[in-house]
Structure formats: C-alpha cells, structure tokens
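What follows is one structure encoded as structure tokens, with my remarks underneath.
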Amino acid sequence: QVQLVESGGGLVQAGGSLRLSCAASGRTFGTFTMGWFRQAPGKERGFVGAISWLGGSTRYRDSVKGRFTISRDSASNTGFLQMNSLEPEDTAVYYCAARRGIVTTMTADYHYWGQGTQVTVSS
C-alpha cells in the first residue's frame, strides 16, 4: 500500500503564496499519477491538478491555470503544489492523491489519499 503525507498548509493573505508537499512511501511510486484535490465548506471534493509518472504531463482546473504549478521528484517520491496569487476562493482543505495509470480528474479514480491540509486565504 501507499502512504501519502502532506505538509505546507496555513493562513496567507490574498495575493500570497504557499507550497504544499506530498511525500509518498510504500509501494513503488514511479508509475503513479499524483493528483491534488480540494474541498471547501459545503462543497464536494474537486480536482485541482495532476501530474503523470513521467513528470511531463500535467492538467489543471481552469480556475488555477497560471497560478498553480504541480511538480514531482520521482527519486524521492515527493509531489509539490506551488500556489501563487492566492484568492479567498482558494480556501479549502487540500488533499494529495495517487492512482495507477493516466491523469484523470475524478476523485473516485484515485486509490490513495493524504490526510488533508488546511489552506486559508484572507482578504
């Protein structure tokens, strides 16, 4: 099995930046897609972005394009979500997740989940 551990959440002013990390351990992770999701109060968990095991194929939800960047270090099985120009609408619990196979956008497609980390953006 795969364990995912997140870090980097916190409180930030609108326009600021945060960098989330997701450390994976357990099974060989190199062939896994790593995704990021978020859940705001009263909302369903939704897709933020994802990166393929090759590290060169990424996909983002429209609202974060140009502001968020996903990367991964295959050698250390660590994923990163760099969030710039944060807006109050970005406030949510953020989760990293992993799945076998290609990049997808649906929560049900992902097999393993981190514990979640709170991101709060004030205005």
Output for pair (Gln13 CD, Ser123 OG), nearest 0.5 Å, gives 9.0 Å
Hey, what do you get for CG (Asn84) to CZ (Arg19), rounding to the nearest 0.5 Å? 11.0 Å
Using every non-hydrogen atom in the two residues, find where Ser17 and Ser85 come nearest and quote the distance to one decimal. OG-N, 4.3 Å
Check this for me: Leu11, atom CG, are more than 12 non-hydrogen atoms of other residues, nucleotides or ligands nearer than 6.0 Å? yes
Determine, step by step, whether Leu81 and Arg38 satisfy the side chain to side chain contact (heavy atoms under 4.5 Å, CB included) criterion, reporting the C-alpha distance in whole Å, the side-chain angles of both residues, the deciding distance to 0.1 Å, and the verdict. CA-CA 12 Å; Leu81 177 63; Arg38 66 187 184 186; over 6 Å; no
For Ile51 versus Val103, what's the shortest heavy-atom pair and its separation? C-CG2, 3.9 Å
When the ring planes of Tyr94 and Phe68 are compared, do they come out parallel, tilted or perpendicular, using 30° and 60° as the limits? tilted
In one Ile/Leu/Val/Met/Phe/Trp/Tyr side-chain cluster, 4.5 Å: Val12, Trp36: yes
Under 3.5 Å: donor-acceptor pair, side chain of Arg59, backbone of Ala50: no
Can you tell me if Glu6 uses its side chain to pair, donor with acceptor, with the backbone of Gly114 under 3.5 Å? no
Within the structure provided, determine whether Met34 and Phe80 are in side-chain contact (heavy-atom separation under 4.5 Å). no
Trace of the side chain to side chain contact (heavy atoms under 4.5 Å, CB included) decision for Phe37 with Glu44: CA-CA 10 Å; Phe37 296 79; Glu44 293 295 308; over 6 Å; no
Should we say atom CD of Gln3 is surrounded by more than 12 heavy atoms from elsewhere, each under 6.0 Å from it? no
With side chain to side chain contact (heavy atoms under 4.5 Å, CB included) as the criterion, how do Phe32 and Asn77 come out once you've worked through the C-alpha distance, each side chain's angles and the decisive distance to 0.1 Å? CA-CA 10 Å; Phe32 280 63; Asn77 284 332; over 6 Å; no
Does a side-chain heavy-atom distance below 4.5 Å link Met83 with Val119? yes
Verify, without hydrogens or angle tests, whether Thr120 (side chain) and Thr91 (backbone) share a donor-acceptor contact under 3.5 angstrom. no
So which heavy atom on Leu86 is nearest to which on Leu18, and how close? CD1-N, 3.9 Å
Any chance you could measure Glu89, atom CD, to Ser63, atom OG, to the nearest 0.5 Å? 9.5 Å
For Gln115 versus Val5, what's the shortest heavy-atom pair and its separation? OE1-CA, 3.8 Å
Atom of Ile102, atom of Thr33 and distance for their closest heavy-atom approach: C-OG1, 3.4 Å
Decide yes or no on side chain to side chain contact (heavy atoms under 4.5 Å, CB included) for Tyr110 and Thr104, but give the supporting numbers first. CA-CA 8 Å; Tyr110 287 76; Thr104 70; 3.4 Å; yes
Results of side-chain contact (heavy atoms from CB on, under 4.5 Å) for Val93 - residues two or more places apart only: Tyr95, Gln118
Taking every heavy atom of Tyr60 against every heavy atom of Ile70, the minimum-distance pair comes out as OH-N, 2.8 Å
